Student: 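Structure incoming, see below.
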Amino acid sequence: MALSEAQSVGADPERPERSGVELSGAEIVIQALADEGVEFVFGYPGGAVLHIYDALFRQESVKHILVRHEQGASHAADGYARATGKCGVCLVTSGPGATNAVTGIATAYMDSIPMVILTGQVPTPVIGSDAFQEVDTVGITRPCVKHNFLVKDVRDLAVTIRKAFYIAMSGRPGPVVVDIPKDVTDPNIKIPYDYPRDVKMRSYNPVLKGHPGQIRKAVDLILQAKRPVFYTGGGVVLGEASAQLTDFVRTTGFPVTSTLMGLGAYPMTDPQFIGMLGMHGTYEANMAMHETDVLIAIGARFDDRVTGKIEHFCPHAKIIHVDVDPSSISKNVKVHVPIVGQVANVLADMLKLYRELAPRSDEQPVAAWWTKIAEWRGVDCLQYDRNSAAIKPQFAVETLYKVTDGDLYLTSDVGQHQMFAAQFYPFDKPRRWINSGGLGTMGFGLPAAMGVQLAFPDAQVACISGEASILMCIQELATCLQYGLPVKVILLNNGYMGMVRQWQEFFYESRYSNSYVDALPDFVKLAESFGHVGMRVDRPADLEAAMTEAFAMKNRLVFMDVIVDPTENVYPMIAAGKGHHEMHLAPSLSDRELA
Amino acid sequence: MRHIIAVLLENEAGALSRVAGLFSARGYNIESLTVAPTDDPTLSRMTLVTTGNDDVVEQIKKQLNKLIDTVKLLDLSEGPHIEREMMMIKVRAERQDREELKRLTEIFRAKIIDVTDTSYVIELTGASKKLDAFIGAVPEGLIVEVVRSGPTGISRGDKGLTI
Ligand SMILES: Cc1cc2nc3c(=O)[nH]c(=O)nc-3n(C[C@H](O)[C@H](O)[C@H](O)COP(=O)(O)OP(=O)(O)OC[C@H]3O[C@@H](n4cnc5c(N)ncnc54)[C@H](O)[C@@H]3O)c2cc1C
Ligand SMILES: Cc1ncc(C[n+]2csc(CCOP(=O)(O)OP(=O)(O)O)c2C)c(N)n1
Ligand SMILES: [Mg+2]
């Protein structure tokens with residue numbers, strides 16, 4: 001299939017109205033997806049969804065992408081959602097189809113990604129009888145969805161699907177499961193179709209605007225700040241508030257740091273950006289957190305990988321926290337000025353008030369603070385050995401940046417390679433860095449990249465991975481071939497579960513229990529056997545040319561097996577239970593007097 | 001501290017298990033939970049009793065509010081309120097114990113609602129502490145079975161938890 005075909009499928013607001021037409025449950029499912037403007041459904045068939053698959057076959061507005069494992073379907077829908085801001089959709093069968101999708105659902109849940117997952121269920125009369133391929137999907141998924149539904153009557157189908165999309169996309173986004181028993185999709189039972197345009201739920205009304213009194217308090221604090229820091233997170237990306245954030249940060253002249261999930265919402269190449277914070281954050285970002293007097297947290301959830309030991313977290317700061325989910329506020333860290341609302345609205349309101357109240361002056365208001373930050377920056381905490389004979393993973397990411405000109409959608413698996421990518425690939429736009437932060441799901445990268453490439457067929461899309469992670473969803477290489485998805489897989493092959501090995505080196509006296517990845521396949525041949533291009537590089541001098549060649553193959557998936565230094569560690573590192581000021585620095589730095 | 005929280009929920013299948021699941025998944029204490037439909041059959045009212053420090057209880061309320069099925073929530077312990085629990089207690093009632101138990105029933109304004117030659121079932125409504133006291137007052141060895149509803153509550157004054 002050509003990519004241009006995929007592109008032409010999609011939402012058509014001028015589509016003829018189909019309300020009033022008699023449709024079966026299966027047809028309603030598909031028509032509802034079309035009415036939602038869904039371009040792609042990632043799925044895998046099975047008994048309980050066969051009626052729906054038959055309805056899919058007889059239409060053209062919704063395109064089905066056949067994955068090779070339901071985990072792949074949920075990650076691909078997730079990747080699509082993260083890259084586009086639209087809702088990802090998957091369709092899987094009952095029982096094993098649903099359970100296979102759970103890892104992807106939980107992944108989306110932890111990172112607040114909007115998805116609708118349609119699961120087949122056994123027919124209503126046999127629910128509860130341990131029927132063939134029956135599992136309690138609503139029960140299994142309950143703790144890892146924003147909400148879920150079991151539809152027992154075909155007349156509830158359209159409105160339930162509308163609600164599912166509304167819930168998934170509004171407020172704090174998240175995955176919603178709609179479990180559909182087979183009899184509800186019976187092709188012989190037809191009812192008039194009516195897709196509700198609007199949905200009102202008395203029990204669900206997400207907050208949009210921030211409280212003006214709280215915004216006033218926040219701006220007053222900001223105006224008095226001597227050592228302020230913006231701490232921004234995934235909420236800025238999810239809330240499409242990158243422009244508002246950038247405006248506000250530039251207007252104040254304050255430093256800004258971001259969580260792993262917020263990278264790119266503020267341009268990372270901008271001098272006001274002081275790097276990622278947290279466990280593997282930069283020295284300057286973490287030291288700034290430790291010394292700050294006013295912390296402005298925007299769409300971030302004070303995760304333990306960010307705060308380190310709570311008792312040591314921002315010991316001198318008054319904290320402002322903007323979040324759409326009240327339960328994110330003061331959950332882990334008590335804050336002084338909570339503001340519940342959509343980031344984009346709140347930031348715009350804050351900026352307006354700030355402009356009114358800020359004294360006019362050409363002086364940089366926090367010049368002394370910047371001097372301090374410059375000293376911390378001078379430590380050069382991300383330095384690594386550039387003369388190494390082996391390829392350093394950091395060098396591989398820097399080369400990737402150079403070769404792609406910073407214009408890339410990069411998905412990641414989980415491990416050291418993920419951290420190196422976050423540290424060494426400066427994203428200047430949101431939705432470009434796509435990774436599993438909250439659940440940390442190995443196997444996420446490749447299927448997520450498929451979703452991204454389908455959404456943006458002409459864009460450069462790469463998946464950075466490790467030799468352990470990639471094997472967890474390697475079957476999706478077949479999906480990539482079927483749909484002609486020219487993803488570039490950049491495998492940082494260190495022969496170890498590097499992140500696990502690093503912890504064992506630091507905390508278990510180098511007892512490398514089961515972290516050596518033995519019996520690896522020949523990745524070049526493996527890629528070739530799936531019909532793709534395989535490449536292996538093991539010398540630093542060859543890397544740039546090889547990557548350039550790979551990215552020049554616009555229509556091919558290229559799998560680059562990059563053999564990297566097996567002993568490299570990710571620095572800085574804050575060990576669990578330590579504070580921001582207690583970072584482990586790279587060995588080349590650890591004997592230095594630090595600012 | 002002990003909190004008694006009233007929640008109006010959509011009367012949907014699964015709403016109760018969402019609440020129960022929330023408490024177990026997040027490791028919150030739950031002492032009791034009662035639920036029944038209200039005068040509006042589309043709504044259920046739940047009363048739950050939980051303990052925790054202020055921060056924990058604040059999170060519990062936020063998490064309950066976050067459930068899509070939750071329509072409204074009120075922490076009754078934050079204001080004047082009335083709390084009632086119902087108990088049915090089956091006791092061995094023979095010879096002189098019959099009189100003793102009858103007297104106890106009167107003192108506590110309870111009711112004997114089932115009588116056999118050898119047993120009573122006594123019904124008692126009141127604050128949970130009163131039920132505890134009644135159980136404590138029944139002479140050793142006479143209790144056969146105790147069933148308690150768990151507390152429910154309502155705020156004092158003219159305002160109601162309605163939609
Ligand atoms: C190996 C590994 C290492 C890691 N190391 C680090 C590290 O060093 N540093 C780091 O930062 N992370 C790290 N993480 C990721 C970490 O686990 C968390 O996923 C991450 O810190 C959470 O980011 P966040 O706070 O931006 O929250 P997100 O999970 O992105 O949550 C977004 C927040 O914004 C809110 N929100 C959503 N939409 C809106 C809106 N429209 N308006 C307002 N608010 C909104 C949500 O309610 C939520 O509170 C690591 C993960 C792995 C797997
Ligand atoms: C599904 C899953 N299982 C286990 C883990 C724990 N884990 C985190 S990183 C990691 C090792 C990853 O190794 P690799 O993919 O080679 O990446 P590297 O760290 O070497 O770059 C493991 C096992 C996880 N995050 N996800
Ligand atoms: Mg590895």
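Values below: all heavy atoms of this structure, side chains included; hydrogens, waters and symmetry mates excluded. Model, not experiment: these values are computed from the prediction. Quick note on labels: first sequence line is chain A, next is B, and so on, each numbered from 1.
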Student: Against chain A, label B:D69 side chain, backbone, both or neither, depending on which of its atoms sit under 4.5 Å from a heavy atom there.
Tutor: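 Both backbone and side chain.
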Student: Going by heavy atoms in the side chains, are B:L43 and A:R202 under 4.5 Å from each other?
Tutor: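 Yes; the side chains approach each other to less than 4.5 Å.
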Student: Measure the CG-OG distance between B:N65 and A:S203 for me, rounded to the nearest 0.5 Å.
Tutor: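 That separation rounds to 10.5 Å.
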Student: Report which part of A:R142 has an atom under 4.5 Å of a heavy atom belonging to chain B: side chain, backbone, both, or neither.
Tutor: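 Looking at A:R142, just its side chain touches chain B.
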Student: What is the minimum heavy-atom distance between B:Q59 and A:S327, and which atoms define it?
Tutor: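 Closest approach of B:Q59 to A:S327: NE2-O, 2.9 Å.
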Student: Relative to chain A, which segment of B:T70 carries a heavy atom at a distance below 4.5 Å: side chain, backbone, both, or neither?
Tutor: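 Only the backbone of B:T70 comes within 4.5 Å of chain A.
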Student: When you look at NZ of A:K309, are more than 12 heavy atoms from neighbouring residues, nucleotides or ligands closer to it than 6.0 Å?
Tutor: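 Result for NZ/A:K309: open.
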Student: Rounded to the nearest 0.5 Å, what separation is found between the NZ atom of B:K66 and the OH atom of A:Y204?
Tutor: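 Separation between the atoms: 10.5 Å.
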Student: Heavy-atom pairs under 4.5 Å with chain B - which of A:N205, A:D325, A:V138 has more of them than the others?
Tutor: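 With the most close heavy-atom pairs to chain B, the winner is A:D325.
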Student: What part of B:S24 gets closer than 4.5 Å to chain A, counting heavy atoms only: side chain, backbone, both or neither?
Tutor: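 Looking at B:S24, nothing touches chain A.
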Student: Contact part of B:I68 toward chain A, heavy-atom cut-off under 4.5 Å: side chain, backbone, both or neither?
Tutor: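 Both backbone and side chain.
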Student: Can you give me the closest heavy-atom contact between B:K62 and A:I329, atom names plus distance?
Tutor: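 That closest heavy-atom pairing would be NZ-O, 2.6 Å.
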Student: If we define contacts as heavy-atom pairs under 4.5 Å, which of B:R18, B:K61, B:Q63, B:E10 has the most with chain A?
Tutor: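 Highest number of heavy-atom pairs under 4.5 Å: B:R18.
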Student: If you draw a 6.0 Å radius around CZ in A:R155, do more than 12 non-hydrogen atoms from other residues or ligands fall strictly inside?
Tutor: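 Atom CZ in A:R155 is not crowded, with 12 or fewer foreign heavy atoms closer than 6.0 Å.
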Student: For B:D54, is the CG atom crowded, meaning more than 12 foreign heavy atoms sit under 6.0 Å from it?
Tutor: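 Atom CG in B:D54 is not crowded, with 12 or fewer foreign heavy atoms closer than 6.0 Å.
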Student: Which region of A:N148, side chain (C-beta onward) or backbone (N, CA, C, O), has a non-hydrogen atom less than 4.5 Å from a non-hydrogen atom of chain B, or is it both or neither?
Tutor: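 The answer is both parts of A:N148.
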Student: Does a sphere of radius 6.0 Å around CD1 in B:I112 hold more than 12 heavy atoms from other residues, nucleotides or ligands, not counting ones at 6.0 Å or beyond?
Tutor: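 Above 12, so yes.
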Student: Between A:K152 and chain B, which part of the residue has a heavy atom less than 4.5 Å away: side chain, backbone, both or neither?
Tutor: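 No part of A:K152 comes within 4.5 Å of chain B.
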